[in-house]
Amino acid sequence: MKTPLHYQISEYDCGPTSMLNAMSFLFSREELPPEILRNTMLYCLDCYGKEGHPGKSGTSCMAMMFLSNWLDGFGRAGLLPVSSRYLRGEEVFIGEGSRLNDALCRKGVAVVRLWFEVEHYVLMTGVKDEEILLFDPYYQEEPFKGAESSVRIDLKHPLWYNRRVPFSFFNRETQELYALGEKDTREAVLLFNDTTKLTAEKSIEYFI
């Protein structure tokens, strides 16, 4: 049984929430072993705030890379049909030749660090009509305004996504809404359920 994706319960836990949402999206509740939940929370929230408080700067890139590698090893050990790949820098972009687009079109997901006032993790779950479908763990009901109004909030698909974001938002090297930011600081984790992953030959061509 699949369960609705979750929202973060503090200002800091977007990282572990998005990683657990990825696992919830890819696998049924009955398939997920407790080690996934335990280790996700154990490895994340490792950054210290300005006053030295643990966790108040969220989750580091190093923690995400470690968690990605651990999940991939968990899959290779035959404990769950999961595979994971950590991307960094110029590998992280949206468009033709993108590993993110490729993963989304092959029934995978991507946990991506981008900008939402501060650095923030979200879960990308699909591609449709030149938009990325994503689940942002930061709960919001009010529509975006002005230049951001083309980002649509959609709360009718709790198992799948709550935002539809045009491709054009992501590749910006700025600190604006859903921009991936400077190329050398970008980060993403690709995840697959290997029993449902489409091969490249069976993927749908979606580029313009």
Side-chain angles (χ1 to χ4, degrees), residues 5 14-15 18-19 21-27 61 64-65 67-69 71-72 75 81-138 144 146-154 157 159-208:
L5 303 182
C14 60
S18 291
M19 288 297 289
N21 278 341
M23 301 307 294
S24 182
F25 181 84
L26 293 171
F27 298 96
C61 298
M64 278 294 189
M65 180 174 64
L67 183 55
S68 173
N69 291 338
L71 284 167
D72 195 62
V82 62
S83 57
S84 178
R85 177 166 183 166
Y86 181 82
L87 302 181
R88 180 78 176 170
E90 294 188 357
E91 286 187 295
V92 182
F93 68 97
I94 295 296
E96 186 171 1
S98 166
R99 294 186 184 274
L100 275 72
N101 289 72
D102 176 70
L104 298 176
C105 286
R106 294 198 289 132
K107 295 190 176 182
V109 297
V111 174
V112 180
R113 185 163 57 91
L114 37 65
W115 285 91
F116 189 105
E117 296 184 0
V118 296
E119 291 177 306
H120 180 58
Y121 287 101
V122 302
L123 174 67
M124 295 181 175
T125 59
V127 179
K128 188 174 183 180
D129 300 331
E130 297 181 43
E131 294 177 323
I132 296 294
L133 308 179
L134 63 83
F135 193 93
D136 189 331
Y138 200 85
F144 293 99
E148 301 172 349
S149 61
S150 56
V151 173
R152 291 183 284 168
I153 294 177
D154 185 334
H157 302 86
L159 299 173
W160 188 5
Y161 64 92
N162 62 9
R163 304 280 194 280
R164 295 184 61 150
V165 185
F167 283 2
S168 59
F169 273 68
F170 296 102
N171 292 334
R172 295 174 298 171
E173 297 188 58
T174 58
Q175 296 182 5
E176 299 173 89
L177 180 69
Y178 294 138
L180 292 168
E182 296 180 5
K183 290 182 179 180
D184 61 350
T185 65
R186 294 179 182 182
E187 174 195 29
V189 177
L190 307 183
L191 297 126
F192 289 95
N193 178 336
D194 290 335
T195 62
T196 60
K197 178 172 66 174
L198 295 177
T199 64
E201 292 77 15
K202 295 181 180 179
S203 299
I204 298 173
E205 183 66 36
Y206 57 91
F207 298 123
I208 58 172

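Computed over heavy atoms, backbone and side chain alike; hydrogens, waters and symmetry mates excluded. Note that the coordinates shown come from a computational prediction; the quantities given were computed from them, not determined experimentally.
- Scanning both residues, Arg172 and Ala179, for their nearest heavy atoms gives O-CB, 3.7 Å.
- Residues forming a ring-ring contact (aromatic ring centres under 6.0 Å, His included) with Phe170 (at least two apart in sequence, or on another chain): none.
- Between Ser24 and Leu5, some side-chain heavy-atom pair lies under the 4.5 Å cut-off.
- Tyr121 approaches Gly15 most closely through the heavy-atom pair CD1-CA, 3.6 Å.
- In this structure, Cys61 and Arg113 approach most closely via the heavy-atom pair SG-NH2, 3.0 Å.
- The distance from the CE atom of Met23 to the CG atom of Asn21 is 11.5 Å, given to the nearest 0.5 Å.
- Contact of the Tyr178 side chain with the Glu148 side chain is not registered, since no non-hydrogen atoms from C-beta on lie closer than 4.5 Å.
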ask   = Going through the checks in order, is the side-chain hydrogen bond (donor to acceptor under 3.5 Å, both in side chains) test met by Glu187 and Tyr86?
value = CA-CA 8 Å; Glu187 174 195 29; Tyr86 181 82; 3.0 Å; yes
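- Val92 places a side-chain heavy atom less than 4.5 Å from the side chain of Leu180.
- We find that Arg99 and Glu91 are joined by a salt bridge, their nearest charged nitrogen and carboxylate oxygen being less than 4.0 Å apart.
- Remark: Glu90 does not engage Lys183 in a salt bridge, criterion side-chain N to carboxylate O under 4.0 Å.
- In this structure, CZ on Phe167 lies 6.5 Å from CD1 on Ile94, to the nearest 0.5 angstrom.
- The nearest pair of heavy atoms linking Leu198 to Cys105 is CD1-O, 3.7 Å.
- Classification of the Phe116-His120 ring pair by plane angle, with boundaries at 30° and 60°, yields tilted.
- The 12-atom threshold is not exceeded at NZ of Lys107, counting heavy atoms of other residues, nucleotides or ligands nearer than 6.0 Å.
- In this structure, Ser68 contributes its side chain and Met64 its backbone to no donor-acceptor pair below 3.5 Å.
- Residues Thr125 and Leu133 have side chains in contact (heavy-atom distance under 4.5 Å, counting atoms from C-beta outward).
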ask   = Would Asn193 and Val82 satisfy side-chain contact (heavy atoms from CB on, under 4.5 Å), going step by step from the backbone distance to the final call?
value = CA-CA 5 Å; Asn193 178 336; Val82 62; over 6 Å; no
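- Distance check: Phe144 CZ to Leu177 CG gives 5.0 Å after rounding to the nearest 0.5 Å.
- Heavy-atom minimum distance, Leu190 versus Ala110: CD2-CB, 3.8 Å.
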request  = Apply side-chain contact (heavy atoms from CB on, under 4.5 Å) to the pair Val109 and Leu123, showing each step before the final yes or no.
outcome  = CA-CA 7 Å; Val109 297; Leu123 174 67; 3.7 Å; yes
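- At least one side-chain heavy atom of Glu176 sits under 4.5 Å from a side-chain heavy atom of Thr174.
- Residues Asn171 and Arg186 form a side-chain contact, since some pair of their non-hydrogen atoms from C-beta on lies under 4.5 Å apart.
- Atom CG in Leu26 sits 9.0 Å away from atom CZ in Phe192 (nearest 0.5 Å).
- Contact check on Asp129 versus Arg164 returns a salt bridge, with a Lys/Arg side-chain nitrogen under 4.0 Å from an Asp/Glu carboxylate oxygen.
- Counting heavy atoms from C-beta on, the side chains of Leu87 and Leu100 come closer than 4.5 Å.
- The CE atom of Met19 lies 5.0 Å from the CG atom of Leu71; values are rounded to the nearest 0.5 Å.
- Closest approach of Pro166 to Ser150, counting heavy atoms only: CD-O, 3.6 Å.
- For the side chain to side chain contact (heavy atoms under 4.5 Å, CB included) criterion with Asp136, the lone passing option out of Ile153, Val122, Leu114, Val165 is Val122.
- Between the side chains of Ser83 and Asp72, no donor-acceptor pair of N or O atoms lies under 3.5 Å.
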request  = Please report the C-alpha distance between Asn69 and Ser84 in whole Å, then the side-chain angles of each, then the deciding distance to 0.1 Å, and finally whether the side-chain contact (heavy atoms from CB on, under 4.5 Å) criterion is met.
outcome  = CA-CA 7 Å; Asn69 291 338; Ser84 178; over 6 Å; no
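- Within the model, atoms CE of Met124 and CZ of Phe25 stand 13.5 Å from one another, a figure rounded to the nearest 0.5 Å.
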task = Begin from the C-alpha positions of Leu134 and Tyr161 and carry the test side-chain contact (heavy atoms from CB on, under 4.5 Å) through to its verdict.
result = CA-CA 5 Å; Leu134 63 83; Tyr161 64 92; 5.8 Å; no
